[in-house]
Amino acid sequence: MALRVYNTLSRTKEPFQTVAPGEVGMYVCGPTVYSKSHIGHMVGPVIFDTVKRYLTYLGYKVSWVVNITDVDDKLIVQAQKDGTTVKALAEQVTADYLDCLAALNVTGIDHMPRATEHIGDIIAINEGLIEKGFAYASGGDVYFDVSKADSYGKLSHRDPEELQAGARIEPSSLKRNPGDFALWKASKPGEPSWESPWGPGRPGWHIECSAMSLKILGKHFDIHGGGLDLVFPHHENELVQSESFTGVPFASYWMHNGLLTREGRKISKSDPDTIVLMGDLLAEYQPDAIRLLLLSSHYRRPIDYGPTRLGEIARSLGTFQHAFDRFKELTGESFDALEAPSRRADEVSAPAEVAEHRRGFLEAMDDDFNTGGAVGELFEIVRILNRTAAGLAPTSDLADYRAGMVVLKELTNILGLFAKPPEKAAANDALTGDLMALLIDLRARLRKEKQYALADEVRNRLTALGVTLEDGPEGTRWRVEPKR
RNA sequence: GGCGCCGUAGCCAAGUGGUAAGGCAGAGGUCUGCAAAACCUCCACCCCGAGUUCGAAUCUCGGCGGCGCCUCCA
């Protein structure tokens with residue numbers, strides 16, 4: 001089966017075909033950096049990071065751009081409130097954003113351009129659009145004239161006339177039509193501004209994405225992504241101004257991820273109760289739990305966030321972590337260090353049962369990146385491996401078991417999961433190991449003498465410290481528990 | 001009002017024409033001094049009503065319920 005991708009433009013799943021053979025250009029709208037990242041900001045990055053991982057696995061050379069919008073009305077207002085500059089605020093918030101991406105193992109971003117670094121490009125597009133008659137200058141502003149583009153509305157599937165009728169009427173407007181949108185805004189004194197043919201000003205909201213995608217990926221590229229809430233007006237406007245400027249199709253595929261809700265309400269900066277800052281979340285949960293939550297259903301569906309849900313996911317992660325521990329016991333190898341194929345092959349040298357679920361995983365991914373279905377196959381594989389491991393000893397023939405584990409590595413790499421061992425709730429160094437050996441040895445003597453009350457107290461008190469003891473036939477295992 | 005999306009077990013969720021993946025929770029079992037982990041088993045007439053079909057969770061129509069966008073938002 002070949003990859004199919006849902007395209008907002010056509011509202012159907014289409015076979016995936018690139019502009020240039022073997023190459024993919026992908027642009028995803030990043031944040032306007034005026035306040036720290038909440039979990040909603042991570043949905044797009046995690047999903048498109050996974051999209052890039054899968055495309056790379058299929059053999060494509062992917063170039064992925066995520067922009068930073070670092071000049072905007074809201075930045076100006078927030079900087080004034082904080083008594084700082086727009087520049088300083090943008091830098092601070094951008095740093096927080098980058099930390100969150102790194103924590104969630106979003107590693108695939110190739111370019112992260114800032115709007116303020118592309119003012120010249122933005123002005124050039126303004127000039128081009130005016131020259132071609134799609135835009136007009138008015139009182140220091142520049143507006144896109146939506147009546148000049150007959151395809152306006154094709155992405156959000158809206159009737160241009162209704163858009164006109166529904167648009168907000170601003171009393172002091174310098175617009176010709178109510179639906180026109182600003183490409184360039186004259187700045188007031190004290191606001192960040194750049195010289196332009198229309199006087200000092202700054203970019204409108206949508207134009208920076210056109211400028212940066214055009215500059216880095218070219219006129220026609222493959223995938224444009226973002227949250228569902230950006231379809232209108234942001235992407236519609238970006239699309240119309242880009243195609244009007246270049247005269248060629250803009251992005252081939254428009255992919256929109258569903259939005260995160262919290263107890264049924266959309267997470268949004270205008271609804272402060274819903275905000276869950278990433279920094280707070282990362283302090284409490286393993287990053288893999290957050291990543292798995294975001295990938296556990298299809299990307300176009302809404303995801304409801306709740307602490308209960310994240311706790312459940314974290315618990316299910318334990319199944320994998322225990323399997324990795326068992327793997328290390330049997331083979332001496334660390335799952336993290338396993339080398340797995342990074343390119344798709346049809347055949348795989350693993351037990352048939354594992355290979356079957358691997359096929360299921362890849363079929364799910366081929367079907368518009370159905371990570372929810374893919375995750376289900378992962379649990380099947382880990383169960384098979386655990387069942388196998390139960391009958392094995394370090395002296396057994398471990399080839400099939402190891403081959404199955406390599407498949408698990410191959411597939412979890414595609415989802416960007418388990419890239420590094422989970423953060424532990426307590427320190428775990430050589431001395432700890434020696435101390436634990438000592439405790440376990442003493443406790444074994446207690447158990448031998450049937451002093452179970454004392455033996456259980458040792459175990460319980462260790463549990464309280466985040467250390468779990470498991471008595472098995474080959475002796476007692478111990479592990480430091482990860483964060484939730 | 002316009003344009004869409006969704007309704008699958010207690011909760012989350014895949015499947016979208018051939019008789020219901022998976023996770024969490026729960027029940028029973030194997031193992032264990034007990035526990036934990038792991039494994040095995042059990043747990044759904046797919047919101048309602050019509051229709052199309054040999055056959056529908058899946059397609060069509062009509063309800064009911066929830067959500068998003070149309071205004072800043074990832």
Side-chain angles (χ1 to χ4, degrees), chain A residues 8 11 28-32 34-35 37-48 66 72-74 77 97 153 156-159 161-163 165-168 205 225-234 236 256-261 264-271 292-293 296-298 300-304 306 308-319 321-323 325-326 357 360 364 367 370-391 447-448 450-453 455-456 459-460 463 468-473 476-479:
Chain A
T8 305
R11 288 182 172 166
V28 175
C29 289
T32 299
Y34 71 100
S35 69
S37 296
H38 62 254
I39 182 168
H41 291 118
M42 295 296 117
V43 179
V46 166
I47 283 163
F48 289 102
V66 175
D72 171 89
D73 292 3
K74 289 192 296 274
V77 171
Y97 183 69
S156 55
H157 302 273
R158 284 156 210 266
D159 182 344
E161 290 190 15
E162 279 174 15
L163 287 174
R168 196 166 45 173
W205 174 32
L228 213 45
D229 55 347
L230 293 181
V231 176
F232 188 88
H234 183 57
E236 190 72 62
H256 291 100
N257 58 270
L259 304 175
L260 205 68
T261 58
R265 282 151 76 193
K266 183 182 148 188
I267 289 182
S268 156
K269 286 175 185 171
S270 54
D271 188 355
L292 184 57
L293 170 72
S296 63
S297 72
H298 187 90
R300 276 187 282 119
R301 298 195 50 167
I303 304 167
D304 196 61
T308 317
R309 180 110 178 79
L310 215 39
E312 284 173 10
I313 296 263
R315 226 164 297 143
S316 69
L317 239 31
T319 307
Q321 277 138 10
H322 297 147
D325 289 346
R326 182 72 179 136
H357 288 293
D367 185 12
N370 182 359
T371 53
V375 166
E377 304 292 344
L378 244 35
F379 278 95
E380 297 273 11
I381 292 173
V382 80
R383 202 186 70 237
I384 293 164
L385 294 175
N386 279 335
R387 190 200 297 146
T388 309
R447 293 176 66 210
K448 209 167 188 178
K450 301 213 190 304
Q451 300 214 39
Y452 293 124
D456 287 350
R459 189 173 59 199
N460 291 338
T463 304
T468 300
L469 292 191
E470 290 175 1
D471 300 323
T476 298
R477 288 181 201 142
W478 69 278
R479 65 164 177 273

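To find a chain, count down the sequence lines: A is the first, B the second, and so on, and within it residues start at 1.
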Original post:
Which nucleotide in the set G33(B), C24(B), C70(B) lies at the smallest distance from any side-chain heavy atom of Arg315(A)?
Top reply: C24(B)
Subject >> Sugar-phosphate only, base, or nothing, as touched by Leu259(A) at under 4.0 Å among non-hydrogen atoms >> reply: base
**OP:** State whether Asn257(A) places a side-chain N or O below 4.0 Å from either non-bridging phosphate oxygen (OP1 or OP2) of A74(B).
**Re:** no
Original post:
Looking only at N and O atoms, is any donor in the side chain of Arg459(A) or the base of C34(B) less than 3.5 Å from an acceptor on the other one?
Top reply: yes
**OP:** Provide the distance between the two C1' atoms, one in G63(B) and one in A44(B), to the nearest whole Å.
**Re:** 24 Å
Original post:
Within this structure, what is the CD-to-P distance between Glu236(A) and C3(B), rounded to whole angstrom?
Top reply: 15 Å
**OP:** Give Gly376(A) one of three labels, base, sugar-phosphate or nothing, depending on what nucleic acid heavy atoms sit under 4.0 Å from its own.
**Re:** base
Original post:
Counting only distance, no hydrogens or angles, is the base of C34(B) paired donor-acceptor with the side chain of Asp471(A) under 3.5 Å?
Top reply: yes
Original post:
Which sits closer to the 5' end of RNA chain B, Val382(A) or Arg301(A), going by the nucleotide each is nearest to?
Top reply: Arg301(A)
Subject >> Residues Arg459(A), Asp471(A): salt bridge by 4.0 Å N-O rule >> reply: yes
Subject >> Pairing partner (Watson-Crick or G-U wobble, both distances under 3.5 angstrom) of C45(B) >> reply: none
**OP:** Indicate, with a heavy-atom threshold strictly under 4.0 Å, whether Ile303(A) touches base, sugar-phosphate, or nothing.
**Re:** nothing
**OP:** Let me know the distance between OH of Tyr34(A) and C1' of A74(B), rounded to the nearest Å.
**Re:** 11 Å
Original post:
Side chains of Arg326(A) and Arg477(A): does their closest heavy-atom pair fall under 4.5 Å?
Top reply: yes
Subject >> Separation between the P atoms of C45(B) and C61(B), rounded to whole Å >> reply: 28 Å
Original post:
Considering Watson-Crick and G-U wobble pairs with both distances under 3.5 Å, what does A25(B) pair with?
Top reply: none
**OP:** Using a heavy-atom cut-off of under 4.0 Å over every strand shown, decide if Gly44(A) touches base, sugar-phosphate, or nothing.
**Re:** nothing
Subject >> pi-stack flag for Phe379(A) and G23(B), centroid dist under 5.5 Å, interplanar under 30° >> reply: no
Original post:
Under a 3.5 Å cut-off for both distances, is U71(B) Watson-Crick or wobble paired, and to whom?
Top reply: none
Original post:
Paired with G18(B) by Watson-Crick or G-U wobble geometry, both distances under 3.5 Å: which nucleotide is it?
Top reply: C54(B)
**OP:** Using the P atoms only, state how far A57(B) lies from G18(B), rounded to an integer number of Å.
**Re:** 11 Å
Original post:
Any idea which of A37(B), A13(B), C72(B) is nearest the Glu470(A) side chain?
Top reply: A37(B)
Original post:
C24(B), A37(B), C3(B): which one has an atom nearest the side-chain heavy atoms of Arg479(A)?
Top reply: A37(B)
Original post:
How would you label the contact of Glu380(A) with the nucleic acid (heavy atoms, under 4.0 Å): base, sugar-phosphate, or nothing?
Top reply: sugar-phosphate
Original post:
Leu310(A) CG to G23(B) P: how many Å, rounded?
Top reply: 19 Å
Original post:
Which whole number of Å gives the distance between the C1' atom of G15(B) and that of A25(B)?
Top reply: 23 Å
**OP:** Report the nucleotide, chosen from C72(B), C69(B), G33(B), that has the shortest atom-to-atom distance to any side-chain atom of Tyr452(A).
**Re:** G33(B)
**OP:** Would you classify Thr261(A) as touching base, sugar-phosphate or nothing, given that sugar-phosphate means primed atoms plus P, OP1 and OP2, and contacts are heavy atoms under 4.0 Å?
**Re:** nothing
Original post:
Any donor and acceptor pair, going by atom type alone, linking the side chain of His157(A) with main-chain N or O of Thr8(A) inside 3.5 Å?
Top reply: yes
**OP:** With a 3.5 angstrom cut-off on both distances, give the Watson-Crick or G-U wobble partner of A38(B), or none if there isn't one.
**Re:** U30(B)
**OP:** Check whether the side chain of Asp159(A) and the base of G2(B) form a donor-acceptor pair under 3.5 Å.
**Re:** no
Original post:
Going through the checks in order, is the side-chain contact (heavy atoms from CB on, under 4.5 Å) test met by Thr371(A) and Ile47(A)?
Top reply: CA-CA 9 Å; Thr371(A) 53; Ile47(A) 283 163; over 6 Å; no
**OP:** Could you measure between the two P atoms, the one in U8(B) and the one in G4(B), and give it in whole Å?
**Re:** 23 Å
**OP:** Using the C1' atom as the reference point in each nucleotide, state the distance between C46(B) and G7(B) in Å, no decimals.
**Re:** 10 Å
**OP:** For Asp304(A), report the nucleic acid contact type (base, sugar-phosphate, nothing); a contact means any heavy atom under 4.0 Å.
**Re:** nothing
Original post:
Please give, in whole Å, the distance from A13(B) C1' to Leu293(A) CG?
Top reply: 12 Å
Original post:
Do Asp304(A) and Arg309(A) have side-chain heavy atoms sitting under 4.5 Å apart?
Top reply: no
**OP:** In whole angstrom, give me the gap between the P atoms of A13(B) and G23(B).
**Re:** 16 Å
Original post:
What nucleotide, of C12(B), C39(B), A74(B), holds the atom closest to the side chain of Pro31(A)?
Top reply: A74(B)
Subject >> Spacing of the C1' atoms in C6(B) and C12(B) (rounded, Å) >> reply: 15 Å
Original post:
Is any side-chain nitrogen or oxygen of Asn370(A) closer than 4.0 Å to OP1 or OP2 of G15(B)?
Top reply: yes
**OP:** Tell me whether the OP1 or OP2 atom of C40(B) has a side-chain N or O from Arg387(A) closer than 4.0 Å.
**Re:** yes
Original post:
How would you label the contact of His298(A) with the nucleic acid (heavy atoms, under 4.0 Å): base, sugar-phosphate, or nothing?
Top reply: sugar-phosphate
Subject >> N/O donor-acceptor pair, side chain Arg383(A) with base A38(B), under 3.5 angstrom >> reply: no
Original post:
So what does Arg11(A) touch, heavy atoms closer than 4.0 Å: a base, only the sugar-phosphate, or nothing?
Top reply: sugar-phosphate
Subject >> Nearest-nucleotide pick for Glu312(A), side chain only, options being C11(B), A74(B), C34(B) >> reply: C11(B)
Original post:
What do the steps show when you test Arg447(A) against Thr476(A) for side-chain contact (heavy atoms from CB on, under 4.5 Å), and what is the final call?
Top reply: CA-CA 12 Å; Arg447(A) 293 176 66 210; Thr476(A) 298; 3.9 Å; yes
Subject >> Closest to side chain of His322(A), choosing from A37(B), C39(B), A74(B) >> reply: A37(B)
**OP:** Would you kindly give the CZ-to-P distance between Arg326(A) and C39(B), to the nearest whole Å?
**Re:** 12 Å
Subject >> Backbone N/O of Asn370(A) and side chain of Asp367(A): donor-acceptor pair under 3.5 Å >> reply: no
Original post:
Below 4.0 angstrom, N of the basic side chain to O of the carboxylate: do Arg383(A) and Glu380(A) qualify?
Top reply: yes
Original post:
Rounded to the nearest 0.5 Å, what separation is found between the CD1 atom of Ile381(A) and the CG atom of Asn386(A)?
Top reply: 12.0 Å
Original post:
How many Å lie between CD1 on Ile313(A) and C1' on A13(B), as a whole number?
Top reply: 10 Å
Subject >> Identity of whatever pairs with C5(B) - Watson-Crick or G-U, under 3.5 angstrom >> reply: G66(B)
Original post:
Nearest-Å distance, CG (Asp229(A)) to C1' (C3(B))?
Top reply: 16 Å
Subject >> Listed nucleotide nearest any side-chain atom of Phe232(A), set A74(B), C70(B), C24(B) >> reply: C70(B)
Subject >> Working for side-chain contact (heavy atoms from CB on, under 4.5 Å), residues Val77(A) and Tyr34(A) >> reply: CA-CA 9 Å; Val77(A) 171; Tyr34(A) 71 100; over 6 Å; no
**OP:** With heavy atoms under 4.0 Å as the rule, sort Leu378(A) into base, sugar-phosphate or nothing.
**Re:** nothing
Original post:
Expressed in angstrom and rounded to an integer, what is the separation of His234(A) atom NE2 from C72(B) atom C1'?
Top reply: 12 Å
